[in-house]
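Keep in mind that the numbers below use all heavy atoms, side chains included, and drop hydrogens, waters and symmetry copies.
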Amino acid sequence: MTHGSRRTRPNPAAPPTGRRAVLGIVVLIIVIAAAAAAWRRDGGRRAFPAFTKTADQNVLLVTIDTLRADALGAYGGRARTPNLDRLAADGVRFTFAHAHAVM
């Protein structure tokens with residue numbers, strides 16, 4: 001038995017080569033083009049809330065770890081949170097946010 005006649009298995013961690021690499025790039029380009037067309041068709045309005053720019057605008061980001069939104073008054077909860085409710089009513093309130101690492 002010679003070692004030269006052995007078949008080697010492809011390394012799954014190795015980057016794709018040849019047709020697979022070209023197919024991956026083509027799929028990526030199609031996805032990006034479709035997303036850009038959808039965003040352009042809507043004028044980008046769906047991605048961002050409507051703002052009226054003024055000189056006195058500030059940004060305040062409130063993050064609270066391990067708090068369910070439905071516990072707050074601004075989201076329909078029974079808890080009395082008048083300050084957070086006022087901030088939510090006067091500002092921009094998001095119904096979904098996701099962070100990979102909350103720090």
Side-chain angles (χ1 to χ4, degrees):
M1 181 172 166
T2 62
H3 293 288
S5 64
R6 261 192 187 169
R7 289 186 138 194
T8 59
R9 293 184 180 174
N11 182 0
T17 58
R19 289 184 185 179
R20 287 183 56 195
V22 171
L23 179 63
I25 291 170
V26 168
V27 168
L28 180 63
I29 290 171
I30 291 171
V31 168
I32 291 171
W39 184 76
R40 186 174 180 196
R41 181 181 61 230
D42 191 35
R45 288 184 300 263
R46 233 186 277 164
F48 305 104
F51 289 109
T52 303
K53 294 184 179 183
T54 61
D56 61 345
Q57 286 181 335
N58 291 309
V59 174
L60 173 65
L61 175 64
V62 178
T63 60
I64 304 172
D65 191 24
T66 66
L67 173 67
R68 289 177 39 160
D70 60 358
L72 299 174
Y75 291 90
R78 293 184 293 167
R80 292 186 318 186
T81 55
N83 294 327
L84 290 175
D85 296 344
R86 182 179 49 78
L87 285 170
D90 293 342
V92 176
R93 179 175 54 100
F94 295 94
T95 57
F96 178 80
H98 179 80
H100 293 281
V102 181
M103 298 177 144

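Through direct or indirect side-chain contacts shorter than 4.5 Å among Ile, Leu, Val, Met, Phe, Trp and Tyr, Ile29 is connected to Ile25.
Leu84 and Leu60 fall within a single hydrophobic cluster, where Ile, Leu, Val, Met, Phe, Trp and Tyr side chains are chained together by heavy-atom contacts under 4.5 Å.
One finds the OG1 atom of Thr81 at 9.0 Å from the CG atom of Leu67 (value rounded to the nearest 0.5 Å). The structure places CG of Asp70 at 10.0 Å from CZ of Arg78, a figure rounded to the nearest 0.5 Å.
Panel note: side chain Asp85, backbone Ala74; a donor-acceptor pair is recorded below 3.5 Å.
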